[in-house]
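Below: one structure, written as structure tokens.
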Amino acid sequence: MRAAGRSGRVRLWDRLAASDPGLLRLTAGLRTVTAISLTLAVLAGIGVPVPRLVAGAMAAMVATFAIREKQPARQAVTLALGLPVALASVSLGALLNQHVVVGDLFFVALIFSAVYGRRFGDRGTALGLIGFQIYFLSLFVQATPAVLPALYGVIGVAFVCSAAARFVLLPQTPAGTLDRLRRAFRARLAQLIASQAKLPDAGPEEVEKVLEELRTRTARLHETALMIQGRLEDGTSDPAVARLLQRRVADAEIAAERLGLLLLTARSAERTDTLTLHLPGAPVPSGVESPVRDGAAAALRRDLRALRVLMLRPAGEASGTALAQVRNRLLGYREEENLPEAAPAVQDVFRGLGEAARASLGLRLALDGPQDDESADTPATTRSREELDAEDAAIEISEERTPQAEPTGLARPTTRAALQVAVGSSLAIAGGELLSSQRWYWAVLTCWIVFLNTASTGEILVKGYRRLLGTVLGVVAGIGLAGLVGHQTWLAFGLVLVFIFAMFYTAPLSYTLMSFFVTAMLGLLYTLLNTYSADVLVLRIEETALGAACGVFAAAVVLPVHTDRRTNELLVAVLDRLADVTRGAVDQLSGGAGGDLVERARELDQALADLRAATQPLTHPITPLRSRRDSVRYVVALLETCAYHGRSLAATAELLPTHPSIAADPRLRGACGRIVHNIEAIAAHVADPRAAVEMESGPSIASMLEPGTLRTPRYGRVTDRVLRHLQRLDEAVSGLARPLGVTGGPAG
């Protein structure tokens with residue numbers, strides 16, 4: 001019974017870790033709710049009236065969610081600086097509340113300063129957010145100079161309770177967050193392999209569903225890998241350890257994605273296009289009609305399940321003779337003599353299983369240390385360990401790159417955004433006053449919020465639409481909840497806490513859902529303040545629509561950054577990094593020095609993530625230009641395919657100095673020249689459509705090398721695998737030229 005209970009907790013943890021990598025959303029929600037609960041408990045204990053309870057709850061929420069720094073020491077300093085900022089802000093709000101013109105002018109100046117403060121990093125962003133939100137709080141509770149001493153005490157209690165929740169009750173260190181992210185990566189890796197295990201037996205009517213699940217879980221795995229890369233610097237004390245983790249995570253991701261492609265190919269009449277795993281809604285590859293019926297199918301199903309167990313369990317839990325035998329069997333598939341009798345495509349899957357098992361072993365050693373029992377190792381397992389040890393010993397810390405020059409003046413994003421939001425807020429104040437002289441600030445709040453974490457007019461438009469939709473739905477819920485709660489104060493506060501947790505937990509997933517919970521919560525707060533009415537909530541919809549419209553107008557008129565311009569800039573950045581990774585990897589595979597390829601691959605992934613986020617306005621369901629939406633999705637999917645092959649080339653090149661069975665091939669450098677030229681030609685065309693550029697075309701990459709080099713075992717030398725990646729990369733880059741309007745050159 002005890003073992004069954006422990007197994008159930010492990011499975012629950014795996015699901016939770018996979019759905020919320022690093023438990024970042026859960027921690028944010030619990031920490032905010034805890035801070036508010038402590039504040040309410042302290043204030044209620046000293047008999048504070050309900051309006052001050054509302055103010056304390058809002059101040060605790062702001063003090064908790066505004067701080068985003070990763071190091072606890074920096075968080076403490078920012079929180080300490082935030083208290084005087086909050087006290088000054090609420091004082092000015094109370095003093096200027098009765099002076100309409102002066103108060104409005106100050107509010108606009110405060111908004112400008114808060115947004116401009118983002119240029120000073122996380123601390124500047126946090127202090128600006130605290131200043132704005134506490135000023136808003138003074139308007140919401142209709143603060144006056146007479147109640148300022150009481151509000152000072154309430155805000156002080158809120159900040160102390162926020163500190164207690166952050167540093168005592170729910171502490172979160174960078175190392176702990178990184179550890180949870182690594183567990184999440186392991187859980188998502190196991191989920192992906194579980195989806196891949198369905199492929200061999202999936203019938204024609206099931207394969208579409210399995211393939212879509214495969215795409216989703218492949219994307220989620222990559223998302224977690226990016227999150228880990230963003231936390232390595234703060235979460236590890238040794239740069240060499242950080243670099244080792246980065247490499248092992250990349251190896252495991254690449255091995256898992258390659259295994260999925262090999263499984264799809266085993267079901268296909270021809271080799272599966274890599275784009276199949278990156279384009280949502282892409283058709284099933286040609287020839288995928290029936291499950292794998294090869295004689296080795298039973299062994300394949302067994303080994304996929306075994307690989308999932310190895311990926312999921314850390315070293316301490318994945319020990320024992322049985323699992324050691326499983327690990328040895330899977331690693332044995334890296335040797336040609338251990339492959340089962342099967343069709344060539346199915347044998348490739350077993351080779352992929354061997355490579356994935358090696359990546360699993362490397363990941364376990366990097367995450368948990370050398371805890372595996374080596375006494376039962378076979379020669380194949382011993383060789384894999386020796387390869388991993390040699391790679392670990394060869395890791396060197398790269399020199400820091402020269403930082404790129406930052407834009408100045410009006411070209412600086414923070415300056416432009418500050419001017420835009422100041423103009424939009426001025427319009428929102430004027431329009432909001434016409435709608436309501438008491439609650440005009442809702443329009444300003446919406447205008448402010450639609451500018452947070454946005455960089456183009458299209459992003460602001462989509463965010464405004466989502467906020468309005470969530471507000472409308474929240475008003476409907478708020479009307480029902482107000483009638484349900486009535487005058488039951490603590491029931492209302494309990495529901496407020498539930499909605500605040502839901503708000504923070506859903507924020508990264510759906511801005512519409514977050515807006516829904518915010519509006520429903522505000523309906524309850526109005527009930528507590530005895531200012532609730534259906535008219536008030538309808539007014540909130542009107543003010544929200546006005547604020548969103550003012551934000552979009554300001555973004556479109558004041559120093560606008562059109563979505564096309566921003567996506568083109570990010571697209572050029574992705575292409576530049578892709579060319580850099582490809583050139584460096586092939587140079588190293590040809591016998592040269594490729595530099596820090598792992599870091600270059602990480603920069604490519606981050607640039608692609610930025611582009612993917614920026615194209616959301618173009619791929620949103622409300623976009624009227626359907627053909628353009630499909631074209632953008634196709635281009636992004638092609639770039640993801642290119643990035644996968646770039647990562648794979650970089651990972652293979654990193655193995656070269658230490659892997660005993662990989663040898664450099666100088667002729668690969670010539671095979672790469674056309675690809676890099678075409679990437680740079682596309683980048684030049686996107687940057688300037690009038691640029692005179694042409695794509696080079698010619699024979700396939702494989703035919704450019706003499707066949708004599710391919711007489712070694714398929715996985716015994718680097719050339720065969722590199723040629724596959726270069727060929728697919730060449731095809732994907734050529735595919736990019738068509739939707740981006742780049743002309744082709746003469747055949748070579």
Side-chain angles (χ1 to χ4, degrees), residues 111 115 136 280 416-417 420-421 423-432 435 439-479 499 502-523 537-567 570 610-633 636:
I111 290 169
V115 175
F136 173 83
R416 180 176 57 245
Q420 289 175 332
V421 74
V423 171
S425 297
S426 301
L427 296 173
I429 289 173
L435 287 175
R439 296 186 175 85
W440 53 270
Y441 45 77
W442 288 122
V444 183
L445 181 66
T446 298
C447 182
W448 156 276
I449 287 177
V450 297
F451 275 94
L452 292 178
N453 300 319
T454 54
S456 70
T457 306
E459 290 178 74
I460 291 169
L461 175 62
V462 170
K463 192 170 185 180
Y465 154 78
R466 287 172 173 167
R467 183 165 184 85
L468 181 59
L469 177 60
T471 299
V472 172
L473 297 175
V475 163
V476 174
I479 292 173
F499 288 150
M503 177 177 69
F504 283 96
Y505 195 78
T506 59
L509 303 178
S510 170
Y511 188 71
T512 300
L513 266 180
M514 189 201 77
S515 300
F516 165 80
F517 288 119
V518 169
T519 304
M521 174 194 70
L522 288 171
L537 291 183
V538 171
L539 176 64
R540 173 159 167 75
I541 294 177
E542 296 171 347
E543 297 278 3
T544 298
L546 174 65
C550 291
V552 172
F553 177 79
V557 173
V558 181
L559 303 174
V561 177
H562 298 297
T563 303
D564 286 346
R565 172 186 158 191
R566 174 161 170 77
T567 53
L570 294 174
D610 294 340
L611 175 64
R612 193 184 302 110
T615 57
Q616 286 185 1
L618 302 177
T619 58
H620 195 273
I622 66 171
T623 301
L625 303 176
R626 305 292 181 179
S627 60
R628 187 186 185 195
R629 181 183 65 183
D630 294 341
S631 177
V632 170
R633 291 175 63 186
V636 172

Would you find a donor on one side and an acceptor on the other, under 3.5 Å apart, between the side chain of [X] and the backbone of [Y]?
X: Lys463; Y: Gly458; answer: no
X: Thr506; Y: Leu509; answer: no
X: Thr446; Y: Trp442; answer: yes
X: Gln420; Y: Gly551; answer: no

**Message:** Between Tyr505 and Leu513, is there a side-chain heavy-atom distance shorter than 4.5 Å?
**Reply:**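 They are not in contact (no side-chain heavy atoms under 4.5 Å apart), so the answer is no.
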**Message:** Go through it in stages, so that I can follow the logic: the residues are Leu435 and Trp440, the test is side-chain contact (heavy atoms from CB on, under 4.5 Å), and I'd like the CA-CA distance, side-chain angles, deciding distance and then a yes or no.
**Reply:** CA-CA 7 Å; Leu435 287 175; Trp440 53 270; over 6 Å; no
[X] and [Y]: which non-hydrogen atoms are nearest, and at how many Å?
X: Val450; Y: Gly464; value: CG1-CA, 3.8 Å
X: Thr457; Y: Ala555; value: OG1-O, 3.4 Å
X: Leu570; Y: Asp610; value: CD1-O, 3.6 Å
X: Cys550; Y: Gly424; value: CB-O, 3.5 Å
X: Cys447; Y: Ser425; value: SG-N, 3.6 Å
X: Arg439; Y: Glu543; value: O-OE2, 3.4 Å

**Item:** For Arg566, salt bridge (charged side-chain N to carboxylate O under 4.0 Å, His left out) partners two or more places apart
**Value:**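 For Arg566, the residues satisfying salt bridge (charged side-chain N to carboxylate O under 4.0 Å, His left out) (neighbours in sequence not counted) are Glu459.
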**Request:** Run the numbers on Trp448 and Val115 for side-chain contact (heavy atoms from CB on, under 4.5 Å), then give the verdict.
**Result:** CA-CA 9 Å; Trp448 156 276; Val115 175; 3.6 Å; yes
**Item:** Residue pair Arg540 / Thr519, side-chain donor-acceptor N/O under 3.5 Å
**Value:**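 There is such a pair between these side chains.
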Rounded at 0.5 Å granularity, tell me how far [atom1] in [X] sits from [atom2] in [Y].
X: Ile111; Y: Ile429; atom1: CD1; atom2: CD1; answer: 5.5 Å
X: Thr544; Y: Leu469; atom1: OG1; atom2: CG; answer: 11.5 Å
X: Ser515; Y: Ile449; atom1: OG; atom2: CD1; answer: 7.5 Å
X: Phe516; Y: Phe499; atom1: CZ; atom2: CZ; answer: 6.0 Å
X: Phe553; Y: Leu546; atom1: CZ; atom2: CG; answer: 12.5 Å
X: Leu611; Y: Gln616; atom1: CG; atom2: CD; answer: 11.0 Å

**CA sep, side-chain torsions, deciding dist, call: Leu445, Arg467, side-chain contact (heavy atoms from CB on, under 4.5 Å)** = CA-CA 11 Å; Leu445 181 66; Arg467 183 165 184 85; 4.2 Å; yes
**Item:** With Ser426 via side-chain contact (heavy atoms from CB on, under 4.5 Å) - residues at least two apart
**Value:**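 By the side-chain contact (heavy atoms from CB on, under 4.5 Å) rule, Ser426 matches Val108.
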**Prompt:** After noting the C-alpha distance and the side-chain angles of Thr615 and Val636, does the key distance pass the side-chain contact (heavy atoms from CB on, under 4.5 Å) rule?
**Reply:** CA-CA 9 Å; Thr615 57; Val636 172; 4.1 Å; yes
